Every structure is written in C-alpha cells, then in structure tokens.
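Read through the structure below, which is laid out as structure tokens, and then see the notes.
What you are looking at is a predicted structure, and each value in this text was computed from that prediction instead of being measured. Letters go in sequence order (proteins before strands), and every chain restarts at 1. Worth knowing before you read on, the calculation uses all heavy atoms, side chains too, and leaves out hydrogens, waters and symmetry mates.
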Amino acid sequence: MSEKFPVYKSFDLSKINQDVLEKWEAENTFEESLKSRENNPSFVFFEGPPSANGMPGIHHVMGRTIKDIICRYKTLQGYKVERKAGWDTHGLPVELGVEKKLEITKEDIGKKISVDEYNAACRAEVMKYTKEWTDLTHKMGYWVNTEDPYITYDNKYIETLWYLLKQLFNKDLLYKGYTIQPYSPAAGTGLSTHELNQPGCYKDVKDTTCVAQFSIIKDEKSSFLYNEEDSDLVFIAWTTTPWTLPSNTALAVGPGISYVKVRSFNPYTGKPATYILAKERLSAYFNPKAAELSLADYNKGDKLIPFELVEEFKGKDLAGIKYEQLLPWVKPDGKAFEVITGDFVTTEDGTGIVHIAPTFGADDNRVAKMADIAGLILVDKDGNTQPMVDKTGRFFRLEDLDKEFINKFIDEEKYSEWAGRYVKNAYDSEANDETPTLDVDISVMLKLENKAFKVEKHVHNYPHCWRTDKPILYYPLDSWFIKTTNVKGRMMELNNTINWKPKSTGEGRFGKWLENLVDWNLSRSRYWGTPLPIWASEDRSQLKCIGSVEELMAEINKSVEAGFMTENPYKEFIVGDFSKENYEKIDLHRPYVDNIVLVGENGEKLHRELDLIDVWFDSGAMPYAQAHYPFENREDIESGKKFPADFIAEGVDQTRGWFFTLHALGTMLFDSVAFKNIISNGLVLDAKGNKMSKRLGNGIDPFGALEKFGSDPVRWYMATNSQPWDNLKFDINGVEETRRKFFGTLYNTYSFFALYANIDGFKYAEKDIELNDRPEIDRWILSILNSLVLEVKDSFEAFEPTRAGRAIQNFVSENLSNWYVRLSRKRYWGGEYSTDKISAYQTLYKCLETVSILMSPIAPFYSDMLFRDLNSITNRFDDISVHLAKFPEADSSLIDKELEERMDMAQNISSMVLGLRRKVKLRVRQPLSKIMIPILDDRTEAQIEAVRNIILSEINVKDIEYITDTSGILVKRIKPNFKTLGPKYGKQMKQIAAAINGLEQNAIVEFEKDGKYEISVDGESLSIDLSDVEIISEDIPGWLVANEGRLTVALDININKELKEEGIARELINRIQNTRKEIDFELTDKIHLCIGKHDEINEAVNNFKDYISTQVLAQDLSLADDLNEENAKQIEIDDIVTFIKIEKA
RNA sequence: AGUCCUUUAGCUCAGCUGGUUAGAGCGCUACACUGAUAAUGUAGAGGUCCGCAGUUCGAGUCUGCGAAGGACUACCA
C-alpha cells in the first residue's frame, strides 16, 4: 500500500464513478452493507415497481436518488435496509405495445393469434428495457437488489394476489355490479377511477355541443303549460355529446329550480316556438338586448331575436310531462320520454334541463332507475342486451343485431344511415382531420329538422385513456368491485398516522381523495394480467374464490372426478414445493385458467369470471406478494419485520395510484398502514419550467448526463436545488455548477491537505492533540463541524435530504475552504513538525473524514473515494468503504457557540478592513500599524481579543486598539429596539421612535451614563432604559471608518519607514515565490538568492533579510549590482524595477 | 367548477415563532490575491418580496379577495 495520500492529475467525477463502481463490484459492498448489519434492527423499505417496457428518464434518477439517500443514511445509522427491486409487468401498456408491434387489434386475439402466443409476446415485451433500467440503476449508484426482483407475472406473485383476493372475498368486500364506467374503446377495457387520475388524463377538448328542442306532448299533465297564443312548445336541453341524443329517454329538471316559458323563434329556421328553460339561464340563450323588441317585427335572419317571457314554474311542476322522442331510430322497451327530477341539476351551465341517456351517464342511469325510466337498449345477435354503441365505439351495425329486435324496435330506414358510425373520430382508424364528426352530423340534421336551438363549439375538460390517449366513453359494464367505501373511515384514521412529506399531500390531496372515495373497480377485460380467481355457476348463485395453487389443484381434481375435465393441467406441480422450478411448471395466466372448469356444491359447472384484475392491485399488494406471503415468510410479515414499510418514496402522481392501493390493501387486509413515512416528490421539469415530453423533445437523457458529469453532481444537484416535493427545474448548467462549487472545492481542500501531509509524512499516527492545546481556529472549525453533524442528522431523520445537503455544502465551501484553510495555510508549509502543525493536520483531516461520511448518502461515489483515500494511509476505520462506516456521533462538548460567534466577528472585522484598504488602494501586502474598535462592553472586547491574531494576520495589521471612552470622540448612533418597545407602548411607537432617532450626541452620552432616559410623547413623560435601544459608535472623526451592524472599525493608514520596508519585503517575497513556481522548483527546494541593488529596496532587503530568506527557503541572500536580463529575471514593484536571481542550492 | 402547491435580484433558491437596512449562489461589472493557482477573495450594480384590502405601533412573514403558473380532483349535462 502506498505511503502517500493519493493526489490526482485531474478531477474527473465521471471516471471516479466508474472506478468506485468497480470497487463496489469487486468487494460486494452492497451485500456487505447488509451482511454487516445482519443482526441489527431492520428499516423496511418498499420499492415501487417500474414498468420495464419504457425507457427510464431523468425523473427516475430523481425519485431513486431520494430513495437511495434515505436507505444509505439508515444503513450508516446501523439499520439493516433490505431493498428488493421489482417489475410491474402486467397491464394495458404492455398489451398495447404488443398489439402495435404485431400490428393487430384486441379483436384479433384468439383469432389471428392465440391467447397463448399473445401472452408470450407480452412476456417478452414487458422486459424489453430491463437492461437499460439495470444499467441506469447501476450507474447512478442506486442500491437495490436487482438480482432477485419481484416480478408481478410470476406465478408465486400471482398466488399471493389470489390469496389476498380470497381474503377480501371472504370479508365480503368483493362484489360484482353493473354500472356506467369509464371505458376505453381504443384499449377495449373499463378503467378504474385511479387510472383516470393519472396525470394528463383530463384534457381540454373542443367538441360540438348542441341545445336540442324536445317537443312537448299536449295531454292532461302538460295542459297547464298551454294557452292559445302558444306556438310549438318545447324543452331545450344542452349536451356536449350529441351522439348520445339518440339514446335519450328522459329529461331532468331540478325540483326547486324556477323555469320560464319564453316565446321566441328558432335562430336557424326562424320558426316561432315557445321554449322552456331555467329562469337563471335565460340570458345565456336570449340576448337581453332583444328584450324590448316586438315579436311581430321579427324577420328570419335578424341578428337580435325578440323574445317574450310568459310564465314561470317550479321544476317539480314539470315532472311527468311527456315529450316526443327526438330521434326516433330505436324504440325503448319501457317507460320513456318523460320529465323527471334530479337533485344534481344545476343552473351553472346549460339550460337547467338535462338530457338523460341512461346508458351513457352514471347520474343518468341512477335517476332513470329511480324514476323507472328505461334506457335505450339494443339486443345483439347473440341475444345480449347492449347500449346503442358497441365495444369498439360505434353505433351498432345492423348485421350485429338480433333480427327480431330490428323488426320490432328499429326504424331501419332512419337508423341504417347512422349504423356503424364511430361516436368519436378518435376510435376510427380511417378517420382524418377532414372526417366530419358524428356530433356535427347529428347537430346539422337537427338544425335542418328545426330541432336544434343552438349548436356551437365548446371547450371542456374530458377524460382520456391513460395509455391510448384517446377519449374514454362512459359505458355500461359488468364489473367486479372492491368495497373500499366500507373501510373509508378506517383508511382516513390510519392516514392520519402517516408522516407525509410534504404534509399537504397527505392531508390535502390524499386525505380529500379518501373523503370522496368510491369503490375500486377491479375488472379489466383484457388478456395479459392477473386473472380473477373467481369461478361462477351459470346462474351466478354459486361463487368460488380460489386462494392458492394448492386449493386450485384440489378443486381441479374434484372436477376431473366429476368428469368436467379430462385431466389436471397442473398435475406436474408439487404442492408445498416453493422452488422456482416447481412454479415454472404451471402458468396461472389466461388462457390456461380459462380452460379450468370447477364443480359447484350441487355438482354444477363453474366457469371462471373472464376478468383480469387492475394492475394497481398487483403493485399495491407488493409488500406481501414479494415475500410470497403467506406461503412463505409468513412470520416476517405478520411480526412487523417486513411490513409495514418504514419508508417509501415515489412521485406525487402516485398519490391516487400506488400510494392508494398500498394503503387500501394494508387497511383492508391487516388493519394497518402500509408505510409510516413517505416522500412524494414533484415533477422534473426542463430548465424553463416546462414539462418534459417526447413531443417537445426537451427531455434530458439520463445516461448522457450521468456519463458526462458522473452521478454524484447530478444527485447532489437534484437533492439540494429544491425540496423533493417542489418541482425541479432541471438545468444542466446547475449540475456543472455543483461539480465546480461543491465537489471541486472539496477536492481542492483534500488535495491541499494531501500535498502537505505527504511532505510532512502525516499519517494521523500521533495521539489526538488535546483541545486546549489546539489554536482558536481549530477549535472553531471543530465546533462548526460538530454542529454540522447534528444538523445533518436531524435533517436526514426528518426525511429532508435537501436541508442536509445544503448544510454540508455550506460547511465545505464557506467554513472549511474559504475560512479555515485559507487562514491556516501558513501553518502547513515549512517550519517544524510542531504540535500546532499536527493539530492543523488532525483538524483538517477530521473535517474531511467526517464530511465524507456525512455526504455519502447523497454522493456515494466521490465520498467513498475520499474516505478510502484518507483511510488508506491512516487506517482509522476498519471499514473498507464509507458505506459500511457508522454515522459520526456529534461531540457536543466541542460545540462552543461563543467561539462561533467571535469567529463571526473576526470575519466581519476582516472583511470591513479589507474593504477600507481597497477604498484607499492599500494592498494587503503593505502592513499597517493598527485598527481601532470602539467597545461597548467588556465581553465584546474579550471576544475580539480571543481572535485577535486571526484578524491581524488576515488583514496584515500590527495591532488592535480598543476605544472605550465616552469623552465624545466617538460619534454615536441610537436606534429604538422595536422588539422590547413594541409590546410596552404599542400605538405610541411611532412617536417614540421619532423621539429616539432625534436624540443629540450629548443626549445619547447622557443616556448611556444614566442607563435611562426620559422622553416626552404627547406631553406624557416616559422612561426608556438601555435595553430599549441600541447604541452604536458609528464614526470616529478623522479616521477611516467602516461599520456593519453593531461593529465599527477604524483603520490607521499612516505608514512609517519600517512598515514601508516590510511592505517591500513582502512584495519581494511574492515575486520570488512566483519565479520559483515559474521555473518549476519543488516546494521544498532550497535556493541561493541574489537581488539587484536599488536605492528604494536595499535597506528593506537588509533589514528583512532573515524574514525573506525563511519565506522563500533561501540559504543565502545577497544584494548585487551585476544583474541584468541575461543572468536574472526582471521584476517590478510599483515603479521600482530590479532583478532577482534564483539558483537551486 | 373545486382542492392543493408555487410566486422574493436576470437565473436557481434561503428567509425560524411578525421587529424597521430582505439574504446566498450563479451570471454581469470592477478590483484584489497568487506555493490550493484550469483555484481564490472583495466589492458594485440589480428587489413596488405577484396585486389589492385588512389585522397590527410594525407585514416578505398573519387573514381575506384576486392574478399567473403548476399539480390534482369531478357524474358534470
């Protein structure tokens, strides 16, 4: 092993990244970090499964950085932190990818391609980018076990899901219902509410909307509406989906809403009509400017259409009135075309009369059922009842319908023109931008038939399928639900015990979502997913839910006995053998499970419900399924060793996704939270604050960024630039800045240390120098360092890595590099290997060592190299990697707040004096005799006195003089202390402040002497004491003065002969050092020095001969007059020109 | 339409429980330093703290009403 601290020619974090990775691999560092904590308490972490059928993006680096930081920190704290990777493998994205690749549609499955082949294709497709993901994981230093990941399509995984589903089934939390649901014709499946809650699903779309006229039928019920002057009497109702108008079977009004009858004209046909609509909506449809016009003066085409208000009714008076079917294509089977009342009707938009199509709206369906109104139902050729739109999103074609039904209910002439039309062009693969939409065509037809009152484009927010990006339909479907509403209260209670970062996501976004919880729609009518393990008899009187392969085997055997199945397809499977091989003998996917027929209690055949389950169930069940619970690891889950999680983290977009399903299943199955602490991180935006998207091409390639900078700066930038939950505006320049500002500075500090430590052979072999024997500045940085350890620990404990990173960064660049090292430089070079020098080395070493551990969760690569480089020489740690080390304990006895405060003062004073020097153009190399500081109390003087030497050497001044006299030399300034005065005097503050500010010099002096002062405000005399004001000495007339806050400093700028000479000596040293360096002398090379004679410097050289010699390591120094360009180097000091000659001794 | 978040210097962000001169880094300009040197330091310019109203002696900070951007929710005709 080398004897010297390694120093590098260039500082290349990308290279370091690779080198450290190789070390980790060779040394199995990750495994070691677990093994070394084997018997320690565990910190449970759940990894949310990404889907490997898409490339990872820069935002994944963000999320994983946060996870990794916390897990690494907890490891440092001694916890065993197991991290099992996972893959989300089922579901729509995969299927759609396969369909695109094979150029098939859902309809082709089972025809052009077998389900078996199709699933095989899915299985291959889903792991498409596994390599890239693993590569990214590896390169960014995200420690997670990718060797043995959980995979949701795995039979063992599915078996746990079945077990859990059976638990829910037994608890009566699983039911089947026929409801109107979001349905994606493009994807061919219903969607759950949390799928609609994926980001970007709701989009603004411009649709053609239509206000249709429904002609009222005059009968007993409606007669009260009529009087002789009325023309055609119609209801008007608005819809944003005109294609649902043929399915209209009712109109809804608000029972308490006021409606009016208005005589006017149809704007398109000019025909007179009498309209009924909500009173509040009148002005939206009838221009108030036309109110004064007479009906008689109206001509067709007039811009302003006159109208006349006739009567007013309540909504409930209108209930039961009948109207003519708007589009009599299909006759409904049952009561229809009646006005009903609905509490959901508002007058916010539309006409206050709502068009009801029970087959295409959830509300519609509900109120229609209550009022016993039929929906518009067709019967297909298989004899099933259907809504007017088929599953591909078009009006049913006649050939797909039942012949008898057509004869009985359909007006073939009218309907045939529309049959087969897609209700949205998005579903029609042959449609283009020119293709007229069904909405438009229907609206135009209604216009021509005098049935449309207003047709216009309208922008509204409409949900889209999260994968196909096409609009969804609300569509009647038969689905299995989980009764999450049953446990709503408990979920809310448990949620209150979760530590959310940020809090508002938990309380607001998630909490509010729970308040409005609806049942979880579990069904998906697809092929690639976890099959629902429920078998039902034909009449559905018998249901059997299977909870394990063992159980399924037993049931199959019964079925074989009963003769329903010829043989058991899973007969190779050995019950109780949990080996991988055994589970690979079977496949629990479709179509295999579909072929299984079971036996009911009364010997009837049971067939599997064809549905798959929502993939979010897969991921929400991962805490249990990854452990193959309860078949294996039962104890670990139930004892709390592997459940619930102490910590999870994902994007805030998972609030209603993974976070919800985890929480729901935890609550329902174990009456427990699934996670105790959670960070939900925000989005990663581009530098301008726009969302990154493929379309805009503004995405950042994570591989490129990691390759170029190494992952440390990327991770550090992400962690420190903004809080995880705020959106991050990712600016690659920021990464570069982080590299330079933080890592560059840290490396510089290390290499400074290494440079001198190597010269002196420092190996931390000596015992620690006693604190009392260390100089002020060492004690100061140690105090700050220990404060830092506390702060970093608190921040990590609070799941706030941003705070931790910022604190470390500030310490390194401000305290350590800019102040400690800069001021201590001289202690390292030259001179004896004294106690002071050892103290300097030990102190700096300790800082670097501690920082390497503190920063390691965020920047795992460079920190490890720094740690190893340091430790390789000193062997202070047995651990070969920083990631195996223990988090440092803060030593509070080293924290000295007074010391920190006075160092602060030293910095202020120095900076003020340097400012003054600049003002009068006196360079720092020119020594000055003294500064003067007015002192208000003894404590301040003692504080400054303690850092006296630091100040003096920093500003190159010989002495500090304290001025305490009150004789009037000092000009004082007095300021009111609002904090103490405010509460005492309240409203009188303004006048008091004015009075105090107005005090004369002598009054201030008097005040200071007496300790109190009487001022009069509003004729009232008030006594103010010293604590109510702040007095500072602001100026010393005749001196060069600066002040900042309470500190005032004066600088004596008189230069006597000796100072002048010393200044010259310093200038000479500077030139000589520069020259030494120019000619590449080693730091330790001794020299012979010769300086050209010059009247202005001769005396200085002679008087400061020793000083100069020591500084530049000259063995001898002489003045000569035979130096010239030929044999020496010309130098200039202001306007003095002379020569120096340097030779190696 | 509702809920939540954000809004402070050209840019990225601090600013604790209200206290009177609002900070840092980057960038820009100028200067200094020069054995940490492909570093470093110091200073300057640059702010109606999104707007309005209120509470208060005092508001970047608290309250209300708005605005802009973002996320999320909704059965919305």
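Separating the C1' atom of B:A59 from that of B:C50 is a span of 16 Å, rounded to the nearest Å. Using C1' as the reference atom, B:G25 and B:G15 are 15 Å apart when rounded to the nearest Å. B:G54 and B:A14 have their P atoms separated by 31 Å, given to the nearest Å. Taking atom C1' on both nucleotides, B:A32 is separated from B:A71 by 49 Å, rounded to a whole Å. Atom name P, nucleotides B:G47 and B:G35: the rounded distance is 39 Å, in whole Å.
Between A:F11 atom CZ and B:U37 atom P the separation is 14 Å, expressed in whole Å. A straight line from CD1 of A:I1142 to C1' of B:G35 spans 12 Å, rounded to a whole angstrom. Look at OH on A:Y717: it is 14 Å from P on B:C11, rounded to the nearest Å. Rounded to an integer number of Å, the gap from A:N818 CG to B:A39 P is 16 Å.
Between B:A14, B:A36, B:U21, one nucleotide has an atom nearer to the side chain of A:D726 than all others, and that is B:A14. Between B:A39, B:G35, B:A77, one nucleotide has an atom nearer to the side chain of A:Y756 than all others, and that is B:G35. Side chain of A:Y474, nearest nucleotide from B:G25, B:C76, B:A36: B:C76. In this structure, of B:U12, B:A14, B:U21, it is B:U21 that holds the atom nearest to the side chain of A:K975. Here the side chain of A:T745 is nearest to one of B:G25, B:G35, B:U40, namely B:U40. Of all nucleotides listed (B:A39, B:C13, B:U21), B:A39 comes nearest to the side chain of A:N748. Distances from the side chain of A:R806 to the nucleotides B:C76, B:A77, B:C13 place B:C13 closest. Side chain of A:R822, nearest nucleotide from B:A39, B:A77, B:U40: B:U40.
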Report the C-alpha distance between A:I353 and A:Y259 in whole Å, list the side-chain angles of each, state the deciding distance to 0.1 Å, and finish with yes or no for side-chain contact (heavy atoms from CB on, under 4.5 Å). CA-CA 9 Å; A:I353 300 176; A:Y259 291 84; 3.6 Å; yes
Audit row: A:M492, A:L517, side-chain contact (heavy atoms from CB on, under 4.5 Å) steps and yes/no: CA-CA 10 Å; A:M492 287 163 71; A:L517 200 62; over 6 Å; no
Does A:V455 form a side-chain contact (heavy atoms from CB on, under 4.5 Å) with A:T209? I'd like the steps, not just the answer. CA-CA 6 Å; A:V455 175; A:T209 68; over 6 Å; no
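Residue whose closest nucleotide on RNA chain B sits further toward the 5' end, between A:T351 and A:S817: A:S817. Of the two residues near RNA chain B, A:R740 and A:I1072, the one whose nearest nucleotide lies more 5' is A:R740.
In this structure, A:S751 reaches neither bases nor backbone, as no heavy-atom distance under 4.0 Å exists between it and the strands shown.
The neighbour count for A:K1086 NZ, taken as heavy atoms of other residues, nucleotides or ligands under 6.0 Å away, does not exceed 12.
With respect to A:E736 and A:R739, a salt bridge is recorded, a charged nitrogen being found less than 4.0 Å from a carboxylate O.
Counting heavy atoms from C-beta outward, A:T359 and A:Y475 have side chains that stay 4.5 Å or more apart.
Regarding contacts with the backbone of B:G35, every side-chain N or O of A:R1076 stays at 4.0 angstrom or more from both OP1 and OP2. Phosphate proximity of B:U12 to A:K729: present, with a side-chain N or O under 4.0 Å from OP1 or OP2.
Summarising the base pairing, B:C13 is matched to B:G23 through a Watson-Crick or G-U wobble pair whose two defining distances lie under 3.5 Å.
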